[in-house]
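Just below is one structure, and these are the notes that go with it.
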Amino acid sequence: LLYLFHWMPLDEIDELTESDLQFLKEFINPTYLAWKSIIEIRERFEEDSSIQLRHFLKKEYETTVSKLLKDEDSSCGNIGRNNPLPSLNYEAGLSDDTILVGPAHKQRFVEYVGLANQSKSCGSVLQHFKESILRSPQFGRLLKAYCSLGMPLGYRGKVRRFRPGLDYTIAHRGILTEKAVLDATLCFVAGGGNQNIDGEDEDDAIWQSDDKGGFECYIAAEDENDGEMEADDEYDEEDDTKLLSVSASHNTLSLVYRDPGTMRFVKYLGSGAPSSRWDISLEYELEDDKGEEEDEDYSKSEGDNEEAPVKIPQSDI
């Protein structure tokens, strides 16, 4: 199944403006919209090619999702830590607005496919965030300011739910991209979403330990014999190299630059995990910086020799 990028709505504005910041402040924690913070985020991203921004959405949205997440887990028979036996009910939590994504030898999770903010469900609220914020030109310009990768040209992604004792994705060569992309994953789980150094929050401590899974892992794919990579050449834990591991954390945005030689997967969510893992998982298509010598900040791309992406027609906001 070919999973294409959607066009990003563009306008003649290329740089982040005060008007953009006012729009984004309706949803995003103002801390991350201060110019000082934007500069610090850009410097960190340019150094590490990744960054995690905790408490990314405003407190009111964080609290709303936290309650809905807890309610939906309870309606499934208290899946997770309160019922730590592996589940055999693969249809747990499914509704008319969700589908079960497979095949099982590559992935299993629930995707929300209903309308945005149409009901008091976790999926509908996250769909609202996806459509109202993450695919907006204002957010595109914020990503450009954060990452120095140019204005995103397109996006693709899903609202996903990983249920304890059931769900996962597998790293395999069929998911490799032809060009570098920017991964933006906004994650929601039980817990406060804090850096839990002293073990003050039990849920945060469990997620940060990665003992119950649910984390997203990036690994380097080896192209054996320089041959064509096949979709059914799956991840071998002993042969591939872990580049980055991102623990699940409530209301945390993870930004990762992923080059064509990197695969990612969400580790099987153990039955004793504190909750389901919900996320908005997006990939942004990037501008081709070939020949643009003035963009010295972005020096980590390995796709300079690849074909330039198709330009998206401009439109008015």
Using 4.0 Å as the upper bound for N to carboxylate O, is an ion pair formed by R264 and D183?
yes

Could you tell me which residues satisfy salt bridge (charged side-chain N to carboxylate O under 4.0 Å, His left out) with R108, sequence neighbours excluded, listed by chain and number?
D167

To the nearest 0.5 Å, what is the distance between CD1 (I28) and CG (L142)?
5.5 Å

Taking the side chain as every heavy atom from C-beta outward, state whether L182 and P152 have any atom pair closer than 4.5 Å.
no

Determine whether the aromatic ring centres of residues Y32 and F56 are separated by less than 6.0 angstrom.
yes

Taking every heavy atom of A190 against every heavy atom of S275, the minimum-distance pair comes out as N-OG, 2.9 Å

Is there side-chain contact between T262 and V256, with at least one heavy-atom pair below 4.5 Å?
no

Set of residues satisfying side chain to side chain donor-acceptor pair (under 3.5 Å) with respect to Q107, sequence neighbours excluded:
none

Roughly how far, to the nearest 0.5 Å, is CZ of R161 from CD of E72?
5.5 Å

Parallel, tilted or perpendicular: which one describes the rings of F188 and H250, with boundaries at 30° and 60°?
perpendicular

Do S281 and K158 have side chains that get closer than 4.5 Å, going by heavy atoms?
no

To the nearest 0.5 Å, tell me how far T177 OG1 sits from D259 CG.
7.5 Å

Between K144 and E15, does at least one N-O distance fall below 4.0 Å, as a salt bridge requires?
yes

Is L244 linked to L176 within one hydrophobic cluster, defined over Ile, Leu, Val, Met, Phe, Trp and Tyr using a side-chain heavy-atom separation of less than 4.5 Å?
no

Hey, quick one: are L166 and V101 part of the same hydrophobic cluster, counting side-chain heavy atoms closer than 4.5 Å, chains of contacts allowed?
no

Any side-chain heavy atom of Q208 sitting closer than 4.5 Å to one from Q195?
yes

Taking the side chain as C-beta and beyond, is there a heavy-atom pair between F45 and L143 under 4.5 Å?
no

Give a yes or no answer on whether the side chain of D201 reaches the backbone of G191 with a donor-acceptor pair at less than 3.5 Å.
no

Quick one: does R54's side chain get under 4.5 Å of S249's, heavy atoms only?
yes

4.5 Å side-chain heavy-atom contact, V125 and N117
yes

Here the pair of heavy atoms bringing A92 nearest to C76 is C-SG, 4.2 Å

Has the side chain of Y268 got a donor or acceptor atom that lies under 3.5 Å from a matching backbone atom of I170?
no

Closest non-hydrogen contact found for P137 with M151 is O-CE, 3.5 Å

Between atom CG of L153 and atom CG of L286, what is the distance when rounded to the nearest 0.5 Å?
7.5 Å

Would S95 and D97 count as having a side-chain donor-acceptor pair, cut-off 3.5 Å?
no

Would you call E62-K59 a salt bridge at under 4.0 Å N-O?
yes

Does any N or O in the side chain of S49 come within less than 3.5 Å of the main-chain N or O of Y257, such that one atom is a donor and the other an acceptor?
no

I38 reachable from I51 in the ILVMFWY side-chain graph, under 4.5 Å edges:
yes

Looking only at the side chains, is there a donor atom on one of D73 and S276 sitting less than 3.5 Å from an acceptor on the other?
yes

Would a single hydrophobic cluster contain both V65 and L269, if residues Ile, Leu, Val, Met, Phe, Trp and Tyr are joined by side-chain heavy-atom contacts under 4.5 Å?
no

Nearest 0.5 angstrom please: L255 CG to R44 CZ, how far?
12.0 Å

Does a side chain donor of either D71 or S74 reach within less than 3.5 Å of an acceptor in the other side chain?
no

Could you note down all residue pairs passing ring-ring contact (aromatic ring centres under 6.0 Å, His included) where residues 107-131 supplies at least one of them, sequence neighbours left out?
Y61-F129, F109-F162

So if you build clusters from Ile, Leu, Val, Met, Phe, Trp, Tyr with side-chain heavy-atom gaps below 4.5 Å, do I280 and W207 land together?
no

As an exercise, state the distance from OG of S247 to NZ of K212, rounded to the nearest 0.5 Å.
14.5 Å

If we only count heavy atoms from C-beta on, is the D279 to E216 side-chain gap below 4.5 Å?
no

